[in-house]
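For reference, the structure is listed below as structure tokens.
Predicted, not measured: the structure shown is a model, and the values here were computed from it. Proteins come first, then strands; the chains are lettered A, B, ... in the order of their sequence lines, and each starts at number 1.
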Amino acid sequence: MLRVDVTVEVCGTAGDGTIAAGGLLNQAMSESGFSVLGFDSYPAEIRGFGRCVTRSRIGDRDISALEDTANVLISLDDSQSRARIPFLAPNAAVFFDSNPPTYIQEEDSLTSLLEPGTVLCGLPIADLATEASGSARGRNLTALGGFAGAFGLDPAPFRKVITRKFEAKGAQVLDANLRCFEAGYDFGREQLSDRVPEIFGPRNITEGPERVMLSGNLAIGRAAIDAGLKLYFGYPITPATPIMEYLAAKLPEQGGQVVQMEDEIASIAAVLGSYYAGSISMTATSGPGFALMTELIGLGVMAEIPAVILNAQRGGPSTGLPTKTEQSDLHAAVFGGPGDSPRIVIAPTNVEECYHFTMKSFRIAEKYQTPVIVLTDFFLDNRVENLPMPKAGEEEKAHDNLYPSESDKGNYKRYAATDSGISPRSIPGTEGFQYTATGLEHTEEGIPDYSADNHMLMSAKRHRKIQAALADLPAPEVISPDGALDVGVISWGSTFGSVLEAVHTAHEHGMKVGAMKITSLFPYHEDLIRAFMNRCDEILIPELNFGGQLADLIGRLHGKDVIRMNRATGVPIAPSLILKEIETLVMEGGK
Amino acid sequence: MAREHLVIVGNGPAADEAAPFLRKGVPDARITIIGREVVSYYRPDLLPDFVAGKIAEEDLWVNPLQFYKERDIKLRLGQNVVSVDFSKMELALEHKEVVRFDGMIIATGGKHRIPEPLARFRELVLTLKTVADAKVWIEKLTRVESVLVIGCDLTSVVFTKAILSLGKQVTFFFDPSSPHLFGRSESIREQLAHKMSDLGAEVVDCSKIAKLVQTREDLIEVTTEAGQFRAGAVGAFFGMVPDVKFLTGSGLHIERGILVDEYLQTNFKRIYAAGDCAQVYHPELCDYWVSIGYSNARELGRIAALNLAGEEVQTEAPLSSIFKIDGRPINTSWWMEA
């Protein structure tokens with residue numbers, strides 16, 4: 001069990017500095033040596049209204065998921081925070097402004113709705129901020145200070161991260177923000193520390209490599225640059241936009257370019273053109289944009305042109321829930337194309353894998369000459385974890401294009417039906433290795449040909465190639481004791497973090513339970529998945545979609561129906577919910 | 001139509017007893033308990049045992065939170081009523097929230113009385129009224145070996161026994177001129193002094209304390225007419241005064257406590273007071289009396305709830321619960337707030 005395991009929410013209206021306060025909290029706790037997993041929730045509208053919530057889980061051991069209840073709520077706007085009350089854990093501590101500018105009626109009050117047992121930590125947030133800095137603008141830092149002081153946290157890391165954030169804005173701004181924090185901290189220490197327990201026990205920060213706060217999107221951007229990305233084509237869309245923003249700032253420093261296209265169709269077209277010409281490129285989008293790319297992904301499959309497409313899933317269909325998380329594009333990624341158009345689909349499960357799988361996608365796309373779709377989701381893209389900065393080895397970075405040999409000159413078959421299905425790929429314009437790339441079915445030489453034999457031959461080649469990629473794709477990972485299991489939990493994407501925690505807890509409770517993480521979604525390691533399933537009496541597949549898309553994909557491998565745990569709530573599945581389901585299945589199995 | 005809102009201010013024995021009776025009497029009402037402490041209702045009489053380590057913290061709690069939930073009684077804990085406007089039937093909480101109500105039971109109990117000249121040294125003196133106070137004592141007692149107990153109310157006696165059971169040295173300042181409970185009777189005082197001595201406390205007659213000085217973190221020097229004393233901690237136990245200051249200017253009739261008739265109703269309709277904060281008219285005394293003790297408070301809480309719910313129950317405080325000294329019933333509410 002975690003010795004320190006605290007989930008803190010900061011809630012306010014857009015413009016209150018909620019996201020900034022949550023970010024500073026994450027950084028300060030990371031600096032203090034704690035493990036941190038943070039996730040922001042904000043309205044789809046650009047600015048000016050709407051609820052902003054940051055949620056940070058802080059522990060003294062590694063954390064891989066968010067719980068669905070918070071132990072602490074820091075309210076910057078009580079009218080917004082009232083909606084968070086159902087998500088408070090029993091005996092949660094609530095920090096709120098105890099001296100609002102005007103009297104409020106009971107029906108509009110946060111405190112009137114709190115459950116008995118909630119620990120009220122009122123502090124005059126606006127007054128303290130105004131007294132400290134001459135303005136109430138620093139309320140967010142005063143509230144953060146109140147929290148830190150009440151829980152007895154070391155103020156030094158907070159001062160450090162506040163300095164880091166504001167020093168570029170000048171001494172006056174920095175000083176005002178620091179004073180706002182200090183005012184809250186002193187109040188919390190003196191007035192509120194007897195109400196909440198002290199938080200002890202950060203890890204020894206001198207142990208292990210230095211940790212940085214990294215989001216999934218940032219990890220993807222860094223990986224793309226480390227992989228040698230030259231061109232990024234994209235059209236902004238939540239939650240993928242931060243990748244484009246990051247690359248727009250960093251890629252030119254590496255000699256690359258970011259081009260904002262007129263839409264997603266143009267983006268994927270440009271990626272294919274770039275790769276066709278021999279230049280590494282990528283695009284990132286979300287469900288609606290991914291749908292627009294469908295036809296051109298087919299072109300990539302047919303013409304055997306590499307492409308790296310990142311689909312940051314959000315609630316759908318259509319515009320759907322732009323700022324909510326979901327895992328509902330799996331079928332679209334695997335099957336979403338007319339004709340037989342097999343493609344490679346991989347899905348990281350945490351921020352570190354966002355880095356390594358993005359890196360891998362470039363290599364795989366090039367080696368197997370086909371579009372590779374990296375499926376992330378809103379939660380994975382936007383959450384921040386503190387982890388050692390991921391770094392790819394030279395082997396990971398190596399490019400893997402199969403070039404034609406000199407002996408083929410003049411007799412070059414771009415689409416030679418080899419045993420592996422991989423045909424040598426020349427760079428257009430290379431003398432003696434010219435070929436036609438077309439979306440029409442074609443012969444081994446690239447000449448359009450619609451004959452039955454040829455279509456069978458080339459379809460088989462393209463499928464063979466995709467299946468061959470399994471050798472380079474990450475195998476499923478199993479976390480379980482040896483032998484037969486009562487329940488096996490299979491998961492993909494960000495939901496796996498919750499599964500991992502639930503299964504660890506189940507092990508601590510003595511249950512015979514295992515977890516399998518699947519990151520290669522197409523093709524997938526059928527034999528390994530089936531072997532795991534065969535060890536399990538029941539197979540549980542929790543997913544953030546309504547129908548159970550992974551269950552549809554692999555469920556047939558089990559001897560009996562798999563048990564689906566489908567949630568289309570827009571928020572991550574909490575480990576406690578999965579654990580509850582496991583416990584039910586174990587108990588039912590024992591009857 | 002909005003549900004009737006009945007508010008109980010306070011979360012001690014009287015309040016806690018009142019709430020379920022109120023629920024029974026007015027099943028459809030919205031019932032809210034507003035308590036200043038952040039913890040739910042506990043047995044204050046067990047605090048000395050908690051300080052002595054004889055019981056665990058969870059043994060203090062009377063009802064689980066589920067008890068209130070099941071009865072649809074809303075608990076607002078850690079919330080402080082700062083004023084009440086009975087003409088508008090509204091109260092204001094410290095955090096500027098306004099709560100409307102249709103009926104109220106005031107059961108705020110008593111607070112420690114720290115008389116002059118000790119009031120000047122308030123910072124150096126500990127009391128024992130709440131769980132928070134008890135936790136301060138528990139923490140303090142890990143660092144000090146001797147305790148000076150000043151005053152002689154009921155709590156001081158029980159507390160002294162508790163401290164002695166921890167193996168601490170106790171000096172018991174017995175104030176012969178004290179006007180409160182034990183100070184009134186020579187024979188009780190002597191019996192008490194013997195009892196304290198037998199238990200191992202050093203009993204000192206002392207009525208004038210000139211000075212308290214903290215010389216070290218764990219040492220306080222006390223200058224008195226009887227000489228100089230040193231102790232790690234000083235506790236003051238001079239009984240309680242009704243905790244009603246927040247009602248000043250509300251129009252409520254208050255003498256020392258809130259004046260109520262034998263039905264516990266105040267001078268405002270549907271506003272009742274019960275427990276240590278109330279001065280209840282008693283026909284036998286022909287005077288008002290202030291209840292002390294756990295059982296009295298609960299009984300008054302029950303009666304207030306029944307009457308707010310529409311019944312007409314008269315208080316029948318047994319004389320045994322009013323302290324008799326030298327055969328005379330004693331009105332225990334003679335002191336004025338410091």
Check: [Y] and [X] side chains under 4.5 Å, non-hydrogen atoms:
X: A/Val53; Y: A/Phe87; result: no
X: B/Arg23; Y: B/Glu70; result: no
X: B/Leu91; Y: B/Met104; result: yes
X: B/Val136; Y: B/Asp133; result: no
X: B/Glu217; Y: B/Arg143; result: yes

Quiz item: So which residues of residues 67-77 of chain A are in contact with chain B at a heavy-atom cut-off of under 4.5 Å?
Solution: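 When heavy atoms of chain B are the reference, residues 67-77 of chain A contributes no residue within the under-4.5 Å range.
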
What part of [X] gets closer than 4.5 Å to chain B, counting heavy atoms only: side chain, backbone, both or neither?
X: A/Leu114; value: backbone
X: A/Leu113; value: backbone
X: A/Thr102; value: backbone

Self-check item: Minimum heavy-atom distance A/Ala65-A/Glu501, with the two atoms named
Solution: N-OE2, 3.6 Å

Exercise. In plain terms, say whether A/Glu107 and B/Arg100 are close enough for a salt bridge, that is, a side-chain N and a carboxylate O under 4.0 Å apart.
Key: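 Answer for the salt bridge query: yes.
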
Self-check item: Proximal to chain A - members of residues 45-60 of chain B, heavy-atom separation under 4.5 Å
Solution: none

Practice problem: Measure the spacing between CG of B/Asn63 and OH of B/Tyr41 and express it to the nearest 0.5 Å. | Solution: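 One gets 8.5 Å once the value is rounded to the nearest 0.5 Å.
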
Practice problem: Side chain from CB out, backbone as N, CA, C, O: work out which of these in B/Leu77 comes under 4.5 Å of a heavy atom of chain A, or both, or neither. | Solution: both

Self-check item: chain A contact via B/Glu97 - side chain, backbone, both or neither, heavy atoms under 4.5 Å
Solution: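 The answer is both parts of B/Glu97.
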
For residues 115-129 of chain A, tabulate all N or O donor-acceptor pairs below 3.5 Å that involve a side-chain atom, not counting sequence neighbours.
from: A/Glu115; atom 1: OE1; to: B/Lys69; atom 2: NZ; distance (Å): 3.0
from: A/Thr118; atom 1: OG1; to: A/Glu115; atom 2: O; distance (Å): 2.6
from: A/Asp127; atom 1: OD2; to: A/Asn99; atom 2: ND2; distance (Å): 2.4

Self-check item: Geometric cation-pi criterion B/Arg71 and B/Phe67, 6.0 Å radius, 45° cone
Solution: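 Flagged: B/Arg71 positioned over aromatic ring of B/Phe67.
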
Self-check item: Aromatic B/Tyr294 / basic B/Arg43 pairing, under 6.0 angstrom, 45° off normal
Solution: yes

Quiz item: Out of B/Lys74, B/Lys135, B/His95, which one racks up the most heavy-atom pairs below 4.5 Å with chain A?
Solution: B/His95

Self-check item: side-chain hydrogen bond (donor to acceptor under 3.5 Å, both in side chains) pairs, two or more places apart, involving residues 24-39 of chain B
Solution: A/Glu106-B/Arg30, B/His5-B/Arg30, B/His5-B/Thr32, B/Arg36-B/Asn80, B/Arg36-B/Asp243, B/Glu37-B/Tyr42

